[in-house]
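Only heavy atoms go into these numbers, but all of them, side chains included; no hydrogens, no water, no symmetry mates. Given the structure is predicted, the values throughout are model-derived calculations rather than measurements.
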Amino acid sequence: MGEWLTGAGCELDVRRPYLTDTLPRDLSEHRSMVILGGATDAYADAEFPWLTDVKQLVRSAVEDGTPTLGICLGLQLIAVALGGEVHANPIGQQIGVPAVGWLRAAQDDPLFGPLTGARIAVQWNNDVVRSLPATSVVLAQTAQREIQAVRFAPAMWGVQWHPEAGVEIISRWAENDRDHALERGVDVDEYVARVAAAGEELRASWQGLATGFAALSRQTVPAW
């Protein structure tokens, strides 16, 4: 994702609070914000106090209209910060390269409208959003109605899948989680092979998410 954003003309300010990087108090010196995924859950503030700071930045971004994109845990943190709920997926872990599940609302969305031709995306998560803030618009969901993409505000979006994850990233995740995956009946080698086979399609589909978000970051978006 960073490579794509840089290629689209963005200057990155990468913060890793889990490695003790501090977060900004607000986003007044930034044009946009991307919140990536992680192994924690959206309610682990007591163990990871920086989650509280991320949620505050989300609320600040809504107030001032700063374009924001959440990915996987990033989507879940946005949902919780704005009054939604997240829980463990009752039908089990989402892992694979499934169909995206676009809804009609996505076609008119300023960020995802140009991307609705994308067919598949990489999934690796245990939790899903159970309820959303009242003003949210669901843009994609699975056949089981698991929320996959949301517009929370005029310039705030989240996706449950991993647009940034190709075979290099997935291979590391698979190796780190191999034992647990086997306990869940997941063949991680088969999964990695599927991601590798779909690599060109995945890149062609989701690089446009970064370039589209970069373009929106250069626009003035009204606060909500």
Side-chain angles (χ1 to χ4, degrees), residues 1 4-5 8 10 12-13 15 17 23-38 41-43 45 50-87 100-116 118 121 125 127-141 145-164 206 208-224:
M1 183 61 68
W4 292 341
L5 289 170
C10 294
L12 303 186
D13 175 12
R15 306 290 180 103
L23 293 174
R25 289 180 174 272
D26 57 44
L27 296 169
S28 59
E29 296 184 2
H30 297 79
R31 296 300 303 269
S32 60
M33 173 170 64
V34 177
I35 308 170
L36 296 174
D41 69 68
Y43 296 105
D45 299 57
W50 51 267
L51 291 175
T52 301
D53 299 331
V54 173
K55 293 170 187 174
Q56 180 53 45
L57 284 175
V58 168
R59 291 186 284 267
S60 175
V62 170
E63 292 173 0
D64 61 22
T66 301
T68 300
L69 174 64
I71 294 174
C72 198
L73 175 61
L75 161 72
Q76 297 164 14
L77 290 174
I78 293 173
V80 171
L82 301 181
E85 296 180 357
V86 171
H87 67 166
V100 172
W102 297 114
L103 300 180
R104 174 65 181 82
Q107 297 179 19
D108 300 321
D109 185 78
L111 179 58
F112 285 97
L115 304 174
T116 53
N125 63 82
D127 297 341
V128 290
V129 175
R130 177 170 61 186
S131 65
L132 287 166
T135 51
S136 304
V137 177
V138 179
L139 304 176
Q141 63 184 23
R145 302 183 67 84
E146 299 153 307
I147 292 170
Q148 296 295 292
V150 181
R151 183 174 69 248
F152 292 95
M156 183 170 289
W157 298 267
V159 294
Q160 185 59 72
W161 64 78
H162 282 278
E164 83 289 4
W206 300 119
L209 176 59
T211 55
F213 184 71
L216 287 169
S217 300
R218 292 189 285 269
Q219 299 177 11
T220 300
V221 181
W224 212 16

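In plain terms, the two heavy atoms of V80 and A42 that are nearest each other are CG2-CB, 3.9 Å. Of all heavy-atom pairs spanning M156 and V62, the tightest one is CE-CG2, 3.4 Å. Looking at every heavy atom in both residues, V100 comes nearest to A118 through CG2-O, 3.9 Å. Minimum interatomic distance between A214 and C10 (heavy atoms only, all atoms of both residues): CB-SG, 3.5 Å.
Partners of D109 under the salt bridge (Lys or Arg N to Asp or Glu O under 4.0 Å) rule, at least two apart in sequence or in another chain, are R151. Taking the side chain to side chain donor-acceptor pair (under 3.5 Å) definition, one finds that H30 meets it with D13, sequence neighbours left out. By the side chain to side chain donor-acceptor pair (under 3.5 Å) test, D53 pairs with no residue at all, sequence neighbours left out. A106 meets the side chain to side chain contact (heavy atoms under 4.5 Å, CB included) test with W102, T116, L139; sequence neighbours excluded. Take D45 and apply the salt bridge (Lys or Arg N to Asp or Glu O under 4.0 Å) test, not counting sequence neighbours, and it matches K55. Every residue was checked against the side chain to side chain contact (heavy atoms under 4.5 Å, CB included) condition with P114, not counting sequence neighbours, and none meets it. Applying the ring-ring contact (aromatic ring centres under 6.0 Å, His included) test to W206 and every residue at least two apart in sequence or in another chain returns W161. The side chain to side chain contact (heavy atoms under 4.5 Å, CB included) search around Q141 returns L103, V138, R145, not counting sequence neighbours. Qualifying salt bridge (Lys or Arg N to Asp or Glu O under 4.0 Å) partners for R59, counting only residues two or more places apart in sequence or in other chains: none.
To the nearest 0.5 Å, atom SG of residue C72 and atom CG of residue L77 are 10.0 Å apart. Rounded to the nearest 0.5 angstrom, I71 CD1 and M1 CE are separated by 4.0 Å. With values rounded to the nearest 0.5 angstrom, H162 atom NE2 is found 9.0 Å from L73 atom CG. Here the CG atom belonging to L57 is positioned 11.0 Å from the OG1 atom belonging to T52, to the nearest 0.5 angstrom.
The shortest side-chain heavy-atom distance between P67 and R31 does not fall under the 4.5 Å cut-off. W157 is not listed as a side-chain neighbour of L209, based on a closest heavy-atom distance of 4.5 Å or more. Between V159 and L75, the closest side-chain pair of non-hydrogen atoms is not below 4.5 Å. The side-chain heavy atoms of S32 and L216, taken from C-beta on, include no pair separated by under 4.5 Å.
Judged by distance alone, with hydrogens and angles left aside, the side-chain atoms of Y43 form a donor-acceptor pair with the main-chain N or O of V86 at under 3.5 Å. Remark: the backbone N or O of D127 is paired with a side-chain donor or acceptor of Q76 at under 3.5 angstrom. A donor-acceptor pair under 3.5 Å is formed between the side chain of S217 and the backbone N or O of F213.
Judged as a salt bridge (Lys or Arg N to Asp or Glu O under 4.0 Å), the pairs with a partner in residues 73-87 (not counting sequence neighbours) are, in order, E85-R130. Screening residues 70-79 for salt bridge (Lys or Arg N to Asp or Glu O under 4.0 Å) gives no qualifying pairs among residues at least two apart or on separate chains. Residue pairs that meet the salt bridge (Lys or Arg N to Asp or Glu O under 4.0 Å) test with at least one member in residues 153-162, sequence neighbours left out, do not exist here.
The side chain to side chain contact (heavy atoms under 4.5 Å, CB included) with V58 is formed by just one residue from the set L27, T66, I35; it is I35. Among L82, V137, T68, the single residue meeting the side chain to side chain contact (heavy atoms under 4.5 Å, CB included) criterion with F152 is L82.
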**Prompt:** Would L23 and Q56 satisfy side chain to side chain contact (heavy atoms under 4.5 Å, CB included), going step by step from the backbone distance to the final call?
**Reply:** CA-CA 11 Å; L23 293 174; Q56 180 53 45; over 6 Å; no
